[in-house]
Amino acid sequence: MAYSTKTDAKWQKKWEETGLYRFDPKRTDKKLYCLEMFSYPSGANLHVGHWYNYGLTDSWARLKRMQGWNVFHPQGFDAFGLPAENYAIKTGIHPKDSTYKNIETMEEQLKKMGATFDWDYEVITCDPEYYKWTQWIFLKLYEHGLAYRKKAPVNWCPSCKTVLANEQVVDGACERCKNDVTKKDLTQWFYKITDYAQELLDCLPKLDWPEKTKKIQQNWIGRSEGAELVFEGADGSFSFKVFTTRADTLYGVTYVVLAPENELVDRITTSECKAAVEQYRETTKKQTEIERLSTAREKTGVFTGAYAVNPANGEKVPVWVADYVLAGYGTGCVMAVPAHDERDYEFATKYKLPIKRVIKGEEGVDDTLPFVDDGILTESCEFSGIGSAEARRNIVLKLEKQGKGELKVNYRLRDWLVSRQRYWGAPIPVIHCEECGAVPVPEKDLPVELPYNVEFTPDGESPLAKCEEYINAPCPKCGRPAKRDPDTLDTFVCSSWYFLRYPDNRNAEKAFDTEWIDKMLPVDKYVGGAEHAAMHLLYARFFTKALRDMGYLHFDEPFLSLVHQGTILGPDGNRMSKSRGNTISPDEYISENGSDVFRMYLAFGFAYTDGGPWSDDGIKAISRFVGRIERLVEKATALNAAQGAGVNGSAEKELNHVRNVAIKGVTEDAERFQFNTSIARLMELVNALYKYESGSQMNNALFIDTINDLLKLLAPFAPHLSEELWEQMRGSYSIFDQQWPKWDEKALVLDETEIVIQLNGKIKDKIMVPSGLDKAQTEEAVMKDPKVTGLLEGYTVVKVVAVPGRLVNIVVRQ
RNA sequence: GCGGAUGUGGCGGAAUUGGCAGACGCGCUGGAUUUAGGUUCCAGUGGGCGACCGUGCAGGUUCAAGUCCUGUCAUCCGCACCA
């Protein structure tokens with residue numbers, strides 16, 4: 001019977017019945033935690049991306065298993081989120097109902113993939129048993145000062161009366177009603193990830209992660225060294241700090257700028273300027289972040305009427321408000337040095353503010369303004385004549401003595417806003433009491449369960465706020481009537497610790513057992529999309545470090561080794577999308593060819609981390625390859641296995657050579673997620689077996705033995721097929737309990753090696769020499785070869801470069 | 001605008017520390033099997049008649065460059081004035 005979905009079903013059943021992939025909790029010494037980023041349970045079937053991520057990582061896990069590792073390979077669902085809630089608003093189907101239904105479908109599909117997932121350890125983030133502990137972590141963070149409340153602007157659609165996610169704002173307008181979106185300040189919960197900014201940066205070099213991902217995180221954290229300087233109001237009624245990396249340009253400050261959102265603006269704006277400033281602030285609110293931060297746009301701003309004093313020289317400079325200054329970065333105030341900053345230069349030119357040079361270029365350097373490089377100070381009192389680098393330090397040190405400045409490291413990273421004005425998420429376990437303020441829900445009362453009966457229609461309030469039986473609760477401290485926090489947690493919170501829950505998913509007493517997860521973690525291999533390079537991966541690292549500092553675990557990093565799969569594009573080379581009509585549905589291909597053919601095509605047709613365009617022709621090639629293997633097994637099972645032994649003649653040696661090259665190649669390539677070349681080595685082995693089989697004499701034992709190795713090497717990539725053929729070869733169940741083949745170094749070396757002969761770097765000929773010659777021997781063998789002496793006639797040899805086993809380059813002169 | 005990545009036959013893609021460019025496969029060509037088509041099996045296949053030329057383009061380093069250096073172009077992806 002040829003391989004088909006029937007084969008898939010047969011073995012999936014047997015694997016399940018025998019519990020083949022069950023993790024053995026007793027063998028933690030050889031544990032290997034292999035994890036793919038879990039998925040959102042959408043209503044649709046598994047798409048090619050799921051297969052590419054899960055199918056091939058599963059192949060890697062199978063390889064590791066056969067190498068003797070006790071692989072922990074769990075799976076679960078990131079089940080809270082916006083799509084289910086939007087779906088509910090549209091159709092009236094409750095998010096809980098649709099989500100659990102989708103999970104059921106998806107589980108079924110994932111099982112059909114034939115992966116080694118151990119479903120006993122499944123985690124679903126919208127289960128109260130899970131989010132109970134998401135809430136518990138919130139309480140712990142709060143207890144340790146890592147969760148706090150502050151005001152922050154949200155996108156607000158005045159017409160829908162609802163808060164919008166960035167992706168729901170299209171060109172400054174509400175996605176649904178097309179009205180202008182503005183900003184609204186709400187008091188919201190934050191996690192203090194900035195406390196860990198430095199450590200998150202410091203630990204990056206040690207991680208076995210793609211360099212570009214580390215770079216993204218490094219940029220996201222954005223450490224910059226500079227200084228905080230104090231500017232006082234000219235009338236002495238106020239003061240504020242600015243952050244600058246260019247303290248050396250302090251004497252060139254001709255104005256200062258506050259972010260429009262800065263609270264100081266209200267206090268300092270003079271009555272004559274009030275109207276203009278207010279109007280400017282309103283316009284700013286309507287800008288989307290993209291518009292506001294666009295470089296193409298002309299800079300705008302207004303004068304507040306107030307003046308501040310330059311702490312270095314006592315000069316009076318005007319205070320402006322402009323939206324090119326961001327409230328969330330640094331102090332939200334900037335000292336403007338138009339002569340030495342492009343943005344300030346542009347702004348000053350437009351509003352006719354003075355421009356004062358305080359830095360000269362070194363000898364011969366073009367220092368036309370704006371001159372933003374380091375140079376020599378000028379017009380800067382006692383600092384004139386010294387270099388920028390030195391001045392940056394000295395100027396701050398001088399101000400420090402007067403209490404007007406200090407050296408300071410600033411990070412671009414902002415605290416993580418976790419409040420969402422949504423229903424379908426983990427409720428924030430806090431009760432707001434008029435007397436006692438924000439009171440955390442006591443641990444014993446967790447989980448704060450999400451009520452089922454709520455009104456989703458957006459009307460300006462969090463859906464939970466309108467649910468009377470939910471929102472009203474007695475204050476845990478004083479017992480008086482109070483109200484629950486109406487918001488839910490960002491779904492990134494749920495996914496920031498699921499890998500900690502997997503190994504201990506049934507624990508009803510704790511989020512996880514410390515001793516146990518210290519054994520099970522860190523995750524040894526984490527595989528998922530590059531789009532999570534900044535946020536998810538940073539948040540998960542932060543959670544790990546925070547929980548470590550609270551003593552709940554004792555490792556520093558959650559994911560030791562990380563791989564990003566590439567993207568499979570449509571056949572036209574574009575990103576797959578319904579609107580383009582270029583989507584590929586795995587289901588049709590699988591029912592026609594079987595899941596292993598589909599998986600192997602994904603393995604063979606692409607460089608794993610690059611991805612690329614889909615091709616139907618590629619899948620046919622794999623189908624053919626499977627047929628070739630089946631016919632080999634058919635031949636082998638008809639043979640008398642007792643005939644023949646060892647590796648003797650040259651044909652046998654050649655087959656054995658290819659076999660060992662394949663073992664080495666597959667072992668090393670699959671290890672580093674280079675599945676395409678792994679399959680190529682298997683194809684070579686199959687070709688060699690055909691060639692051997694067509695020869696005049698056959699050593700049955702060698703042939704059969706080689707086929708057995710072939711099947712083992714194939715097993716990770718085509719698990720059902722290999723298990724089936726292994727059974728036909730009368731191997732004992734299961735092939736996945738067999739030992740991974742080891743290669744024989746001796747068999748990798750042929751008797752003779754081909755050496756390339758180059759003359760002045762150009763290839764002229766090739767000769768065979770005995771293998772294993774060293775440099776001098778290679779040179780000798782080549783130089784006395786008649787072919788070479790012939791080549792050299794009429795030339796003078798200048799130099800000979802010999803590379804053993806590869807080539808000899810002879811440098812000659814006429 | 002800034003940052004990152006990529007660029008190799010007709011196509012997908014291979015090439016340890018710089019050491020035979022194009023592994024493996026698709027496609028194509030030819031042959032065998034077959035009544036025929038398909039399937040299967042075998043062989044050939046970067047370009048050029050050739051000396052030679054070929055890894056986006058132009059330089060450079062080296063006995064030797066797809067690989068290292070400088071510049072440049074194109075495509076894709078992130079981030080958005082970071083003071």
Side-chain angles (χ1 to χ4, degrees), chain A residues 210-213 215-216 218-220 222-224 226-227 242-247 249 256-257 259 289-297 299 322-326 328-337 340-344 346-347 410-414 530-531 533-534 567 569 573-575 601 604-607 609-610 612-622 624-625 627-628 631 661 665 668-669 674 676-687 690-691 694 754-763 765-766 798-812:
Chain A
E211 285 308 316
K212 73 168 182 193
T213 308
K215 189 101 195 168
I216 289 170
Q218 203 182 319
N219 293 341
W220 193 271
R223 179 191 156 99
S224 76
V242 303
F243 176 76
T244 177
T245 54
R246 292 300 302 273
T249 64
V256 294
V257 192
E289 229 161 290
I290 307 255
E291 276 173 345
R292 176 166 165 186
L293 301 176
S294 162
T295 27
R297 195 172 128 263
K299 297 204 179 345
D323 63 6
Y324 78 91
V325 173
L326 305 176
Y329 184 76
T331 58
C333 315
V334 172
M335 61 179 224
V337 188
H340 306 293
D341 182 285
E342 308 215 1
R343 292 155 300 175
D344 299 343
E346 195 192 318
F347 192 83
N410 192 50
Y411 299 90
R412 178 188 177 273
L413 183 70
R414 293 181 220 161
E531 66 274 18
T567 312
L569 306 170
N574 290 305
R575 206 168 264 280
Y601 167 60
F604 181 64
F606 311 87
T609 52
D610 293 352
W614 176 268
S615 143
D616 277 357
D617 290 340
I619 213 153
K620 279 184 222 143
I622 296 293
R624 195 172 307 172
F625 175 56
R628 275 169 77 78
R631 284 187 290 279
V661 167
E668 293 177 350
D669 291 351
Q674 209 171 305
N676 52 351
T677 50
S678 303
I679 304 288
R681 297 292 89 76
L682 292 176
M683 287 173 167
E684 283 167 355
L685 180 54
V686 167
N687 290 345
Y690 268 86
K691 191 175 171 194
S694 69
E754 191 181 59
I755 297 289
V756 169
I757 312 299
Q758 295 184 336
L759 230 56
N760 290 344
K762 294 211 188 309
I763 296 155
D765 214 329
K766 295 167 186 182
V798 180
K799 186 179 175 184
V800 179
V801 182
V803 181
R806 295 211 182 260
L807 59 76
V808 172
N809 185 13
I810 307 165
V811 186
V812 295

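Residue numbers begin at 1 in each chain, while the letters A, B, ... track the order of the sequences.
Side-chain proximity of A:P613 to B:C20, B:C24, B:G13: nearest is B:G13. Closest to the side chain of A:Y690, out of B:C63, B:C82, B:C42, is B:C42. Of the listed nucleotides (B:A14, B:C79, B:G25), B:C79 has the atom at the smallest distance from the side chain of A:W220. Nearest to the side-chain atoms of A:N219 among the listed nucleotides B:G19, B:G3, B:A83 stands B:G3. Of the candidates B:A83, B:G12, B:U16, the closest approach to any side-chain atom of A:R806 belongs to B:U16. Side chain of A:D323, nearest nucleotide from B:C24, B:C81, B:C20: B:C81.
Within the shown strands, B:C77 is the pairing partner of B:G3 under the Watson-Crick or G-U definition, both distances less than 3.5 Å. Pairing partner, B:A21: none, since no Watson-Crick or wobble contact has both distances short of 3.5 Å. The partner of B:G10 is B:C26, judged by Watson-Crick or G-U wobble contacts that both fall below 3.5 Å. Across all strands shown, B:U62 remains unpaired; no Watson-Crick or G-U wobble contact has both distances below 3.5 Å. Nucleotide B:C57 has B:G71 as its partner under the Watson-Crick or G-U criteria, with both atom distances under 3.5 Å. Across all strands shown, nothing is found opposite B:G38 as a Watson-Crick or G-U wobble partner with both distances under 3.5 Å.
Among the protein residues, A:I763 comes within range of the sugar-phosphate backbone only, with heavy atoms under 4.0 Å from sugar or phosphate atoms but none that close to a base. Among the heavy atoms of the strands lying under 4.0 Å from A:V811 are primed sugar atoms or P, OP1, OP2 only; no base atom is included. Residue contacts shown for A:Q674 are limited to sugar-phosphate atoms, with no base heavy atom under 4.0 Å away. Within the 4.0 angstrom heavy-atom criterion, no nucleotide atom of any strand lies near A:G222. Contacts of A:E754 with the nucleic acid, taken as non-hydrogen atoms under 4.0 Å apart, include base atoms. A:R681 comes within contact range of at least one nucleobase, with a heavy-atom separation under 4.0 Å. Note on A:K620: nothing from the nucleic acid sits closer than 4.0 angstrom, heavy atoms only. Heavy atoms of A:F625 sit nowhere under 4.0 angstrom from any nucleic acid atom. The residue A:T245 sits close only to the backbone: its heavy atoms come under 4.0 Å of sugar-phosphate atoms, none of a base.
B:C82 atom P lies 15 Å from atom CE of A:M335, rounded to whole Å. At whole-Å resolution of the value, NZ in A:K215 and P in B:A5 are 8 Å apart. Atom-to-atom, CG of A:L326 to P of B:C79 comes out at 16 Å; the value is rounded to the nearest Å. Protein atom CD of A:E668 is 17 Å distant from nucleotide atom P of B:A14, rounded to whole Å. Counting to the nearest Å, the P atom of B:C82 and the CD atom of A:Q218 are 17 Å from each other. Atom CD1 of A:I216 is separated from atom C1' of B:C2 by 14 Å (rounded to the nearest Å). A:D341 places its CG atom 14 Å from the P atom of B:C2, with the value rounded to the nearest Å. Atom CZ of A:F606 and atom P of B:A14 are 12 Å apart (whole Å).
Spacing between B:A64 and B:G54 at atom P, rounded to whole Å, works out to 15 Å. Using atom C1' as the reference point in both B:G18 and B:C2, the two lie 33 Å apart (nearest Å). Separating the P atom of B:U40 from that of B:G50 is a span of 34 Å, rounded to the nearest Å. Using P as the reference atom, B:G66 and B:C57 are 12 Å apart when rounded to the nearest Å. Spacing between B:G44 and B:C26 at atom C1', rounded to whole Å, works out to 16 Å. Between B:U39 and B:C28, the two P atoms lie 10 Å apart (nearest whole Å). Here the separation of B:A58 from B:G13, taken at their C1' atoms, is 28 Å to the nearest Å. Comparing the P positions of B:G56 and B:A51 gives a spacing of 25 Å, expressed to the nearest Å.
Residue A:K299 places a side-chain atom within donor-acceptor reach of the base of B:C81, judged by atom type and a 3.5 Å distance cut-off alone. Contact of A:N809 with B:C63 (side chain to base): a donor-acceptor pair of N or O atoms is detected under 3.5 Å. Counting atom types as modelled, A:K799 pairs no side-chain N or O with a base atom of B:C63 as donor and acceptor under 3.5 Å.
Within the structure, every side-chain polar atom (N or O) of A:Q758 is placed at least 4.0 Å from both OP1 and OP2 of B:A65. Residue A:R628 has a polar side-chain atom (N or O) positioned under 4.0 Å from OP1 or OP2 of B:C41. Taking 4.0 angstrom as the limit, A:R575 places none of its side-chain polar atoms (N or O) nearer than this to OP1 or OP2 of B:C76. Residue A:N687 has no polar side-chain atom (N or O) positioned under 4.0 Å from OP1 or OP2 of B:C42. Using a 4.0 Å cut-off, no side-chain N or O of A:R412 falls inside it from OP1 or OP2 of B:C79. A:Y329 has a side-chain polar atom (N or O) that falls below the 4.0 Å cut-off from OP1 or OP2 of B:A83. The side chain of A:R624 contributes an N or O atom lying less than 4.0 Å from OP1 or OP2 of B:C26. Checking the phosphate oxygens (OP1, OP2) of B:A14, a side-chain nitrogen or oxygen of A:N676 falls inside 4.0 Å.
Salt-bridge check for A:E684 with A:R681: passed, with a basic side-chain N closer than 4.0 Å to an acidic carboxylate O.
Proximity of A:D616 to A:Y601: side-chain heavy atoms (C-beta onward) are nowhere separated by under 4.5 Å.
Place A:K691 and A:A621 on RNA chain B by their nearest nucleotides, and A:A621 ends up nearer the 5' end. When the nearest nucleotides of RNA chain B are assigned to A:K212 and A:V334 by heavy-atom distance, the more 5′-ward of the two goes with A:K212.
Counting all heavy atoms, side chain and backbone alike, A:N676 lies closest to A:F604 at CB-O, 3.3 Å. Here the closest non-hydrogen pair linking A:Y329 and A:S224 is OH-OG, 3.5 Å. In terms of heavy atoms, A:A534 sits closest to A:I216 at CB-CG2, 4.0 Å. For the pair A:L807 and A:N809, the tightest heavy-atom approach, listed with the atom from each and the gap, is CD1-N, 4.0 Å.
A:T567 places no side-chain N or O within 3.5 Å of a backbone atom of A:L569 that could act as its donor or acceptor partner.
Remark: the A:R628 side chain and the A:N687 side chain contain an N/O donor-acceptor pair separated by less than 3.5 Å.
At most 12 heavy atoms of other shown residues, nucleotides or ligands fall within 6.0 angstrom of atom CZ in A:R575.
In textbook terms, a nucleotide whose glycosidic angle is within 90° of 0 is syn, and B:G9 is one such case.
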**Request:** Evaluate the criterion side chain to side chain contact (heavy atoms under 4.5 Å, CB included) for residue pair A:M335 and A:T249; output intermediate values, then yes/no.
**Result:** CA-CA 10 Å; A:M335 61 179 224; A:T249 64; 3.7 Å; yes
